[in-house]
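Notes for the one structure printed next.
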Amino acid sequence: STRRSSFPDEVLERVLSLLKTHRDRSSVSLVCKDWYNAERWSRTHVFIGNCYSVSPEIVARRFPKIRSVTLKGKPRFSDFNLVPENWGADIHAWLVVFAAKYPFLEELRLKRMAISDESLEFLAVSFPNFKALSLLSCDGFSTNGLAAIATHCKNLTELDIQENGIDDKGGSWLSCFPESFTSLEVLNFANLSSDIKFDALERLVGRCKSMRVLKLNRSVSLEQLQRLLVNAPQLAELGTGSFSEELTFRQYVELESALSNCKNMHTLSGLWDAKGIYLPALYPVCTHLTFLNLSYAALRSDELAKLLAHCPRLKRLWVLDTVEDKGLEAVGLNCPLLEELRVFPADPFDEEIIHGVTEAGFVAVSFGCPRLHYVLYFCRQMTNAAVATIVQNCPDFTHFRLCIMNPGQPDYITNEPMDEAFGAVVKTCTKLQRLSVSGRLTDLTFEYIGRYAKNLETLSVAFAGSSDWGMQCVMGGCSKLRKLEIRDCPFGNAALLSGLEKYESMRSLWMSACNVTMNGCRLLAREMPRLNVEVMKEDGSDDSQADKVYVYRSIAGPRRDAPPSVLTL
Amino acid sequence: MSPPLLGVEEEGVQNNVTLLGSSGSMESVCQNSAELKERNYMGLSDCSSVDSSVFSPPSEERKASLNLKATELRLGLPGLQSPERNPELCLLSSSQLDEKPLFPLHPSSDGHCFASQKNVVSGNKRGFSDAMDGFSEGKFLSDSKDDVMLSPRPSSNFGAQPMKAKEITSQNVVHDRPHAADKTRPNPNASANNNSGAPANKAQVVGWPPIRSFRKNSLASASKNTDEVDGKAGPGALFVKVSMDGAPYLRKVDLKNYTKYQELSSALEKMFSCFTIGQYGSHGTSGRELLSESKLKDLLHGSEYVLTYEDKDGDWMLVGDVPW
């Protein structure tokens, strides 16, 4: 339109600066040219879901005033070792551009990126205002890189190191924070295994009065925890260290007292090797807890039940399947406000052991927790009927991730495929955004998904389906689909190509160990030039097979940093 | 009562070998065992057991209990027998061929196909004949896990049959497994990743179940801690399994009852001395002997049966060692 907006630009920018989510901002930027410009000048945080979908230069050109960047790199299946180590997603090129264009960068949050110690050091010295670093599921660095951050980042408020492939060379990095440094609010080093200098940590926590998140690693003992808590009763989130050494009665009392002074605490995690007898020390904290992460504490059902009796406000709970169905019954009885449940397997690779949780535990939770909307459930048996009951009790699921650990396992009572289970999920849970399926599934499951899962954005499929038709249903029916990851399914070229029109509206597609051939991939690449079609070859496999395929939209063109095992078509 | 496990568990053999090598104490103990104490098999026994199914000199204990984990059955590559196992297996076959079982309560089992009928958690818990079968068929590692692929994945349908692989012991496959695709030979992915969790031969399929490396690593070290301490018997107890090569059942000892290795050693000697028929010598006492020789004779002669149970590892345990 040629009419100027009736708002002065400054006003428009001011208004738009109140918009926070990147989706809202994306929508705003599409309204008209003026709004596009106003939006880009007012944006301070950019979220890039696939680092190869765009280049750092393009980002810098469009958004001149960025202070916070979130970047995600490798396909999610790299968490499970399906992506070669040197695949890419290196942050360094981004840092170089940021150093030039965003010298006032404050925050960097990375997920599944490769980052070296050199890059961390470069980061530490290039951005004088740098405040927050969060690394989740990244790799390529060691504790030396952390030392560089601690040494140079004078304004650091957040150092959050989670579940990374980190080369742990020892705990001396923590001593690199200067004695004058007091700004830290978030410190999470639970990922690391080596001992840290406790005195340095104690002094650090003591002088950082604004600290609200502290997540320790396993090497920190109960007695040390107590000493830390005495100086940090303001903590809102605590990850304990090891919860299992022998305590004297007096030490126990002191610990309990220190914990009870933490009136703001709403999140508790860690609890490595937790011994049941010490859990009562947590009771005073439990009353206010909204998130309890017991996924590193192998509790029994009775231990969990006793603990949960004190956690009436719990909204998020993560446990190991050592708690068994009986423990989950206790969840249903004690936590009516529960919204999220994750049950991890304590012994995922041992199929001969029959324990863990079954469909009964899940059903029990669903009866007691009607607000449940996020579940991640690893089990060894499930039935269609149970899932139908569950979603009847909890129709508001947004994230339903069910992992029946034995690939292709049917309903163990009827011996039928689990099609009806997931059919029930997608029919009943109209708000469903994310779905992970498992068990023996025919194309019928995917017919259901395509027909009913109209809000589905992320779908994970493994060892399922009967033919191309299954995937075709999904590609044709799920209009909001953004991420599709498939492994070990009988979907071939016809299935791949059925999504031709769709991939540009998606972030990415992953297909591994399916029936896709190189020719199919070449055809896709030829037809859709704005997609990057990458094939990862395995050693010794047939030349015509496309073992692992990763397809994603990009305005940056084919990437130039792919290793030899990755072919861009 | 179903037939107890005769003969050897791998650790038994291993430890037997170790034992003979190091001190030969077992044999001498058996021969010189003290006047026998009455065994109370119904729960009043004050014997406690060591968790690792190992009776070995102190320095071996830790190694043995770690070996317990190492020799515990894990899912693995077809035809690949983890290095520690092969020598044991050889020992098993050769030594067992020569020895007679000490206590032939029951005839050697013939068709004791453990793997297919029970949950054999650890391959080292097999009966003698079964282990021999296992050796010859190479189905040392548990059944269906073995259809892990080393051959290239074929392009055709899944869900149908297990792909060709070195060892398919499909008699244990309950349902079709579309294993075709992934190889579990150590691929560059798994090994290159610093934090790559459980070793590749632990998983039957790469990246399945979908658990992040960090969690896998944490569980692996956590389970090492908890498995060595089997004690669910109460806050004060630390029960541990003990097996003696050739004994028809295992025992449990509470480590908390002892303050030094000498005490433990004596207790274990006494515990197993009843398996040596006719050997009623005396040896060092620790004041725990409440039962007289005659009482035991009465017990042995008066009752042909003892009560045992099978635990989650597939071992036959004497009832009564763990408090009710």
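Listed here is the closest heavy atom pair of A/R218 and B/S218: NH1-O, 3.8 Å. Considering every non-hydrogen atom in both A/A190 and B/F214, the closest pair reads O-CZ, 3.8 Å. B/P210 approaches A/C403 most closely through the heavy-atom pair CD-SG, 3.7 Å. Residue B/G207 comes nearest to A/R487 through the heavy atom pair O-NH1, 3.1 Å, listed as atom of the first residue, atom of the second, then distance. Taking all atoms of both residues into account, the shortest heavy-atom contact from B/V206 to A/N81 is CG1-O, 3.9 Å. A pairwise comparison of heavy atoms in A/S137 and B/R212 identifies OG-NE, 3.9 Å as the closest pair.
Put simply, CZ on A/F80 and NZ on B/K216 are 9.0 Å apart, with the number rounded to the nearest 0.5 Å.
There is no contact between A/A114 and chain B, counting heavy-atom distances below 4.5 Å. Using a 4.5 Å cut-off between heavy atoms, A/F344 touches chain B through its side chain atoms alone. For A/L320, the part lying near chain B is the side chain, with the backbone staying farther off; criterion is any non-hydrogen pair under 4.5 Å. Looking at A/S460, neither its backbone nor its side chain comes within 4.5 Å of chain B, counting heavy atoms on both sides.
Counting heavy-atom pairs closer than 4.5 Å to chain B, the top residue among A/F378, A/W87, A/W272 is A/F378.
The closest donor-acceptor contact from the side chain of B/W208 to the backbone of A/N406 lies at 3.5 Å or more, if one exists at all.
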